Amino acid sequence: MLKLLKLLQDGRFHSGEALGAALGVSRSAIWKQLQQLEAELNLPIFKVRGHGYRLPAPLILLDKDRIASGKGSAWSFFLHESLDSTNAEALRLLGRGEVAPFVVLAERQTGGRGRRGRSWFSPFAENLYYSLVIRIDGGAHQVEGLSLVVGLAVVRALSALGVGGVGLKWPNDILVNEKKIAGILLELMGDPADICHVVIGIGINANMSSELQVIDQPWTSLCLELGELIDRNLLIIELNDQLETYLSSHFEKGFAGLRAEWEKNHLWQGRQVDLIAGAQRIGGTVLGINDRGALRLLVDGAEREFSGGELSLRLRNDS
Ligand code: BTN
């Protein structure tokens, strides 16, 4: 099916006859495959008598060879047409003895996972669904601040591709003009105090542009910000490169060395916020973070520190 999709990815019309000839199958076999594409990948295909078939818009598929030729290609990677979740697949691979570091990529996710038990919208061939697995055997302090470091690497990658005004919201949301463009979900396997593996799941809105109702928060994408179709292969190469740089710095010097750079990129420094912790809301002013990546908040005149994967921030209406 992917071969057929590759022939259609330019977004132009192709006749059934030409597609059949290119793949060495009959026109009716092409018709069946197109129906399968529509049904399985939820990808609409326009059919016009006398012209043939075309996709609603051009798309650039992920390409193994191009990704492998990139600067950060030292990591081996697994590329899938469809997965429940790249994080889930990464954990399964670890369970089967796959040796880290490695990356799992997919053209779509049917059960993409977000933070705090939410789902992550993952349509076919539009966005980036990326999970990097690393091994940590230096103790729990190496995990501290790790998700914030990953956020910095994502900000750098998006800026390198030309996106302006991109920054962070503690702990690791990536925003442009208060709209979410990327999210990070870390999942741990093993004992963080001894030897463990961390699955670094990153979702980046790349070419998503339609008015979708399924996302329950303001969002944007690289394509909306830059006004053109994004080649996700280049995005992966840039992301690999930035992750290599920032993770090496974190593991060599510790998170404290990146704290100032993180705060410089924090869009909500000095803002009045509510910290959401389950049903609890704590109001305060953002002072910054500490050397372990915990949030420093001024609450009723006193500084307090907060950390934990289940926490999130909302701007106060009056800030
Ligand atoms: C968030 O809620 O902000 C985190 C979203 C993380 C989504 C990515 S997409 C790749 C990886 N696989 C998943 O199932 N989730 C992460």
Side-chain angles (χ1 to χ4, degrees), residues 62 67 75 77-95 98 100-134 146-155 157-158 166-176 178-189 197-208 212 214-222 230 232-233 235-236 239-240 242-243 266-268 275-278 293 295 308-314:
L62 296 180
I67 298 167
W75 294 328
F77 65 92
F78 300 87
L79 172 56
H80 294 263
E81 196 175 311
S82 179
L83 281 175
D84 49 353
S85 145
T86 53
N87 270 25
E89 175 66 8
L91 289 166
R92 284 191 293 266
L93 283 166
L94 273 177
E98 190 61 43
F102 61 88
V103 173
V104 181
L105 298 160
E107 285 286 14
R108 74 155 177 176
Q109 300 183 117
T110 52
R113 303 172 179 170
R115 285 182 66 231
R116 300 187 299 129
R118 293 160 85 150
S119 58
W120 187 256
F121 186 59
S122 310
F124 181 81
E126 293 202 32
N127 299 326
L128 187 65
Y129 319 116
Y130 173 110
S131 298
L132 165 67
V133 183
I134 55 173
L146 185 59
S147 74
L148 281 75
V149 172
V150 173
L152 258 184
V154 175
V155 166
L158 299 188
V166 55
L168 295 153
K169 177 188 122 181
W170 188 89
N172 49 25
D173 280 347
I174 292 96
L175 308 180
V176 177
E178 307 294 352
K179 293 184 211 156
K180 187 151 166 170
I181 194 164
I184 294 163
L185 176 69
L186 259 54
E187 296 188 62
L188 240 78
M189 196 180 199
H197 285 89
V198 182
V199 177
I200 299 171
I202 302 173
I204 301 179
N205 298 337
N207 287 317
M208 194 158 65
L212 294 155
V214 275
I215 301 179
D216 59 359
Q217 56 184 323
W219 62 271
T220 186
S221 67
L222 281 157
I230 298 307
R232 293 167 303 144
N233 297 294
L235 176 58
I236 291 168
L239 184 61
N240 281 342
Q242 297 291 350
L243 281 168
H266 191 209
L267 298 167
W268 288 13
L275 179 75
I276 319 283
L295 180 75
E310 295 305 305
L311 304 177
S312 79
L313 293 181
R314 296 275 176 284

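Bear in mind that the values here come from a model prediction, so they are computed numbers and not experimental data. Ligands are counted one by one from 1 in listed order, and the atoms in each one are counted from 1 as well.
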| task | Quick one: list whatever passes side-chain hydrogen bond (donor to acceptor under 3.5 Å, both in side chains) with Glu107, sequence neighbours left out. | result | Arg232

| field | Partner of Asn87 under side-chain contact (heavy atoms from CB on, under 4.5 Å), chosen from Leu186, Val104, Leu185 | value | Leu185

| message | Between Ile204 and Leu235, is there a side-chain heavy-atom distance shorter than 4.5 Å? | response | yes

| request: Please name all residues satisfying side-chain hydrogen bond (donor to acceptor under 3.5 Å, both in side chains) with Asn172, sequence neighbours left out, ordered by chain then number. | output: Ser147

| field | Check: Asn240 side chain, Trp75 main-chain N or O, donor-acceptor pair, under 3.5 Å | value | no

| field | Near ligand 1, at a heavy-atom separation below 4.0 Å: residues by chain and residue number | value | Ser85, Thr86, Asn87, Gln109, Gly112, Arg113, Gly114, Arg115, Trp120, Tyr129, Tyr130, Ser131, Asp173, Lys180, Gly183, Ile184, Leu185, Gly201, Ile202, Gly203

| field | Contacts of type side-chain hydrogen bond (donor to acceptor under 3.5 Å, both in side chains), residue Asn233, not counting sequence neighbours | value | Asp231

